[in-house]
Amino acid sequence: MDLQELRFDARVFSVDSVKNAAYRMAATFDADIKIDDNDIVCILSLRDPALKPDLNSLLNKFRREVIDHDLRLKISSKTEGVRNLILAHAFSRTGIIQSE
Amino acid sequence: MSKFQPLTFYSIQKRERYDLLPFTFERLDDERTLLTNMAGEFLVLPHSQIEEMVDGRLTPASAPYADLRARHFLTDELTRKSALELLALKVRSRYRRLPQFTGLHIFVVTLRCEHSCPYCQVSRQSEDKNAFDMTDEMASKALDLTFRSPSEAIKIEFQGGEPFLNFPLIQQIVREAEIRTCKEKKDLQFVIATNLAVANSEMLEFCAAHGIHISTSLDGPRDLHNKNRPRPGNDSYERVLEGIRFAREIVGRDKVAALMTTTEASLGRVKDIIDEYLAQGFHELFLRPLSPYGFAMKTKSFASYTTDRWLEFYKQGLEHIIDLNRTGISFREHFASLILKKMFTCDDPGYVDLMNPAGLGIGAIVYNYNGAVYASDESRMLAEMGDQSFKIGDVRTHTYEEIFLNPKLISALHESFTLSAPMCSQCAFEPFCGADPVYHHAQHAGDCVGHKAESGFCRKNMGIFKYLVGRMEDDPFVKDLFLKWANY
């Protein structure tokens with residue numbers, strides 16, 4: 001079984017970004033994720049050997065997924081307060097939410 | 001002094017501080033990325049501009065700034081006071097159907113049918129009325145449950161089998177529901193899902209008198225329709241065409257609609273199918289894949305084509321429909337219209353497969369011929385395979401509260417909620433999509449959430465969303481057309 005190792009600098013990326021990318025690409029790769037010093041190490045194995053000729057582009061796709069998820073988490077973290085405020089505001093006059 | 005602000009007021013060139021509003025994104029291809037927010041507003045930008053935006057490097061002079069501000073992806077001093085209020089209003093509008101609760105009540109008045117379609121999820125060829133017909137008592141109890149719904153608009157849909165084979169019960173339910181509606185002051189609508197093969201003038205005149213809509217099945221040209229829908233005499237096509245003509249004459253042209261189901265034999269025939277609908281005077285078609293339930297599984301119809309093959313079929317069909325519109329022929333695809341309504345308006349059309357929380361119980365409920373209550377039409381189809389996971393009660397023995405607070409229903413709604421489900425919660429298509437716990441339960445070994453990376457539901461919907469957005473971005477004619485469909 002061919003195993004591919006991808007390393008992400010833990011000072012740059014969060015473990016959650018790597019986990020999210022692994023989840024999204026779970027139909028393509030089985031993933032084993034661990035921490036090694038300052039690196040998040042992701043050991044990937046292709047689930048379908050027929051995809052081997054596309055391996056490089058799939059690994060690049062995985063890297064892009066990690067970057068995208070990192071950006072999504074950054075947006076989510078920057079906007080979490082206002083998101084909760086909007087939801088509370090949206091349903092404040094519906095009578096659905098009872099004050100305690 | 002002018003009552004309007006000078007132009008310079010709106011075109012501040014200096015970099016000013018803006019705040020991000022919540023959004024997520026999805027790459028459409030190597031260059032373009034789709035942004036969406038919680039109200040379903042969307043915008044397509046080069047990916048590099050999203051990074052600039054998140055890092056605070058955009059200025060009011062930057063190309064996408066005004067659009068980002070107008071669609072509530074960012075807010076600055078000009079909009080800070082109004083943005084949250086507007087965004088909250090749009091979010092509230094999207095969920096306005098929730099407090100209404102169940103609007104669609106499906107009565108399976110019989111399981112008997114004279115057709116023997118291999119893809120059918122439920123019907124039975126049988127003359128045994130006692131075994132497969134709903135009784136008067138069950139119908140009355142089901143109406144009690146129907147009118148407990150807080151929904152101001154109640155739609156009663158008769159399904160089968162072939163519902164017209166139990167026409168006396170349809171008459172009884174319609175009359176009783178009309179009496180109750182007067183007392184409860186609700187809007188009431190009826191639909192009969194029928195193959196029209198046994199519909200006679202008495203039945204259709206009753207439909208006309210009570211404003212009942214007819215929804216029938218037309219799978220395409222004669223050879224394809226008859227292959228998909230076998231019946232004694234091999235004349236399903238002739239009967240449905242005659243039935244459509246007859247029903248339009250008696251019930252009214254606007255009250256008769258048709259649905260198709262995609263079988264393996266349909267895959268290379270999408271243009272023929274659309275042209276058949278046009279030839280029969282329809283201006284809309286719902287391109288529907290097979291569902292993984294009932295006889296469609298037993299006869300291996302569902303497994304006969306992949307999601308990717310169906311997507312190819314769907315896109316070919318939409319291209320043909322776009323071309324027809326380009327030549328001046330007005331024609332719509334229904335599933336695309338539902339999605340486009342979610343994309344372009346704050347109105348949720350309430351289609352059960354594109355709802356979050358899931359449409360299970362909330363959007364629709366099924367009263368089966370034997371008294372069993374199922375959380376959706378798909379749930380009763382699953383039950384026909386022996387899986388009673390979504391049976392949530394019995395009209396004869398359970399109260400409204402016991403049925404709608406059944407832990408099976410609550411748990412499925414809770415687990416499949418897309419704003420917290422893995423992958424869905426971060427997906428840019430979430431505002432346009434929905435939860436389908438029954439599909440995932442059936443396809444993912446009893447898991448209502450399923451693994452989205454391997455989900456056919458997710459692959460199908462994402463494929464359509466990307467295609468619709470891409471086509472609109474590439475072609476102004478298509479964008480105008482899709483806007484019309486969204487507001488139809």
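Just so it is clear, the structure is predicted and the values come from calculations on it, not from any experiment. The chains referred to below are lettered A, B, ... by the order of the sequence lines, with proteins before strands, and numbering in each begins at 1.
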Does a sphere of radius 6.0 Å around [atom1] in [X] hold more than 12 heavy atoms from other residues, nucleotides or ligands, not counting ones at 6.0 Å or beyond?
| X | atom1 | value |
| --- | --- | --- |
| E454(B) | CD | yes |
| K19(A) | NZ | no |
| D30(B) | CG | no |
| E473(B) | CD | yes |
| K61(A) | NZ | no |

Distance check, rounded to the nearest 0.5 Å: [X] atom [atom1] versus [Y] atom [atom2]?
| X | Y | atom1 | atom2 | value |
| --- | --- | --- | --- | --- |
| L21(B) | T79(A) | CG | OG1 | 8.0 Å |
| C427(B) | R24(A) | SG | CZ | 6.0 Å |
| H47(B) | I67(A) | NE2 | CD1 | 8.0 Å |
| R83(A) | L20(B) | CZ | CG | 14.0 Å |

What option among S93(B), A39(B), P422(B) has the most heavy-atom pairs under 4.5 Å with chain A?
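It is P422(B).
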Taking every non-hydrogen pair under 4.5 Å, which of L87(B), N37(B), T33(B), T24(B) racks up the most with chain A?
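Of the candidates given, the most pairs with chain A belong to L87(B).
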Which atoms of N20(A) are under 4.5 Å from chain B, going by heavy atoms: the side chain, the backbone, both sets, or neither?
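The answer is the side chain of N20(A).
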Could you go through L73(A) and Q426(B), starting from their C-alpha distance and side-chain angles, then the distance that decides it, and tell me whether this counts as side chain to side chain contact (heavy atoms under 4.5 Å, CB included)?
CA-CA 9 Å; L73(A) 290 174; Q426(B) 293 174 323; 3.9 Å; yes
Quick check on [X] against chain A: is it the side chain, the backbone, both or neither that has a heavy atom closer than 4.5 Å?
| X | result |
| --- | --- |
| H451(B) | both |
| Y95(B) | side chain |
| L89(B) | neither |

Contact check, side chains of P22(B) and V82(A), non-hydrogen atoms, under 4.5 Å
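A side-chain contact under 4.5 Å exists here.
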Would you say the side chain of I50(B) lies within less than 4.5 Å of the side chain of L71(A), judging by non-hydrogen atoms?
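Yes - at least one pair of side-chain heavy atoms lies under 4.5 Å apart.
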Any chance you could lay out the side chain to side chain contact (heavy atoms under 4.5 Å, CB included) test for L85(A) and L84(B), step after step, and finish with the verdict?
CA-CA 8 Å; L85(A) 182 64; L84(B) 295 190; 3.4 Å; yes
Basic-acidic side-chain contact under 4.0 Å: [X], [Y]:
| X | Y | answer |
| --- | --- | --- |
| E51(B) | K74(A) | no |
| R64(A) | E26(B) | no |
| E65(A) | R27(B) | no |

What's the shortest heavy-atom distance between [X] and [Y], and which atoms?
| X | Y | answer |
| --- | --- | --- |
| Y23(A) | K452(B) | OH-N, 3.9 Å |
| A453(B) | A27(A) | O-CB, 3.3 Å |
| F25(B) | D68(A) | CZ-O, 3.4 Å |

Any donor-acceptor pair under 3.5 Å from K78(A) side chain to D19(B) backbone
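It does not hold such a pair.
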